[in-house]
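Scroll down for the structure; my scribbles are underneath it.
Each ligand, and each atom within it, is numbered from 1 in the order the structure gives.
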Amino acid sequence: MTTFAIHTYGCQMNVRESEAAAKALLDAGLTPAADEEGADVVIVNTCSVRGKAEDKALGKLGLLCATKRERPGRVVGVMGCMAQRLGESLFRRVPRLDFAIGTRCAERVAPAVEAALAGRTTLALSDLHARPDAPSGHMPGGFSAFVTILLGCNRRCAYCIVPDVRGDEWSRPAREVLAEVRALAEAGVREVTLLGQSIMNYGLRTPAFDADDPPSPGGYAKPFPRLLEAVAAIPGIARIRFTSGHPSGVNDELIRLFRTEPKLCRHLHLPVQSGSDAVLARMRRGYTREGYLDAVARLREAVPDLALTTDVIVGFPGETEEDFLLTRSLMEEARFDNAFIFKYSPRPGTLSATWEDDVPDAEKARRNQILLGDQDLRGARLNQALVGTRQQILAEGPSLRNKSRWSGRTSGNKIVVFAPPPGVRPGDLVDLVIARAAPQTLYAE
Ligand code: 5AD
Ligand code: SF4
């Protein structure tokens, strides 16, 4: 019995691709290992979005390959964005590496493992301009699943390596997405999260719907809201999430769907990156501070209980104290429920990597700390405001810290710890009143 483990860095897209690779290995007769240490096959799925993410993965791969001295039959492979970016050179950097599989070719992982077990190495990188296959296999047994609907990205933000490692933007045909969600629902999945780097572009660059697809009952003309509506109509699906958003996709149809479709979760991840127009323009984000805040205002007017989360980069080339303070004030104006704050990291081949990385690391760290501190206070305040409200919670199972309690998530994606009602099963929806709030967690009785 050959066992495997996949160690995943990076975004949900990677989590999804690791899952598809795992399912393919299961189908090939391998077994998931109880722990990574004991696994005969270890695969590292990598991220390139910041230099640190790559350093971590390289360190991890070095350690894993070192274990092959004592365990010569062990297989160590790498997949994902860093594999796509560094390709063949990885075999020089990581001695004894068995395979490197790039993005958009997760179906090559199982054959690469088989080749490695037979003593052969594999290098498979994807053609970033060809029509890609989306990851399709799912591990059995879950009540929540990721479904990739859009691959690649064509936005070309100045700092971002994604277009160079994940390739051209391409939308999966709606009928393929809907068939996948239907099969998941039949297998017991209650919640789906649709994935795409710039997901609101769904169906805009490559067509998603065919002329003979059924018309939208709600009259949605734009492909993304139309797809969300069709996913919501699938029996068994109780909740729909999606990520990531961009203000250009916040149109009247999407807002109408948020207002009228109860299955669409009241949460939007809308990366802002900066609150300064000068920085946003250099980032090539395609919106201004006012445009972003206007999208937020339109959403909030229609959906007052919408939870909003974001990504922010501090220390982008040329970011002054004034620019930084504009980001700080925007975060308060937008009232983010949560924010992921990153120190700028120049990525080879991107536009901004040709500019001087002129904000010193200590200054990036200071700005990062200030925004984190603000966000902690804001998050705690917004959580406190939920005390006394009734929330619909998707029950996940016993809480990690206290097994007599369960945890789950609200529609707004907040973690709730609660006393499990009799007979509750993972994947059930329960309605509970929030009794107490901590900065990162809500508690219900
Ligand atoms: N440096 C720092 N953060 C980055 N991100 C993307 N590229 C970089 C970079 N070069 C952040 C953005 C993005 C998130 C996934 O990672 O905030 O939304
Ligand atoms: Fe990167 Fe911009 Fe695409 Fe997001 S939209 S993945 S930040 S290029």
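The ligand atoms of ligand 1 that sit less than 4.0 angstrom from a heavy atom of Arg347 are 10 (N). Taking every heavy atom of Arg50 and a limit of under 4.0 angstrom, the matching atoms of ligand 1 come to 1 (N), 2 (C), 3 (N), 4 (C), 5 (N), 11 (C), 16 (O). In summary, the atoms of ligand 1 found under 4.0 Å from a heavy atom of Tyr344, numbered by their order in the structure, are 1 (N), 2 (C).
In this structure, Arg50 forms a cation-pi arrangement with Phe342, its terminal cationic atom sitting closer than 6.0 Å to the ring centre and no more than 45° off the ring axis.
The residue from Val272, Val162, Asp311 that puts a heavy atom closest to atom 13 (C) of ligand 1 is Asp311.
Contacts between Ile313 and ligand 1 below 4.0 angstrom, taking non-hydrogen atoms only, involve the side chain exclusively. Residue-level proximity to ligand 1 for Gln273 is carried by the side chain, the only part with a heavy atom below 4.0 angstrom. With a heavy-atom cut-off of 4.0 Å, Phe342 touches ligand 1 through its side chain alone.
Contact annotation: the side chain of Thr309 approaches that of His267 to within less than 4.5 Å [non-hydrogen atoms, C-beta and beyond]. Using a 4.5 Å heavy-atom threshold, the side chains of Pro132 and Arg166 count as separate.
The distance from atom SG of Cys81 to atom CZ of Arg104, rounded to the nearest 0.5 Å, is 10.5 Å.
Checked against Val41 for a side chain to side chain contact (heavy atoms under 4.5 Å, CB included), the options Val113, Thr3, Val109 give a single hit: Val113.
The shortest N or O to N or O distance between Ser345 and ligand 1 is below 3.5 Å.
Closest heavy-atom contact between Pro225 and Asn251: CG-OD1, 4.3 Å.
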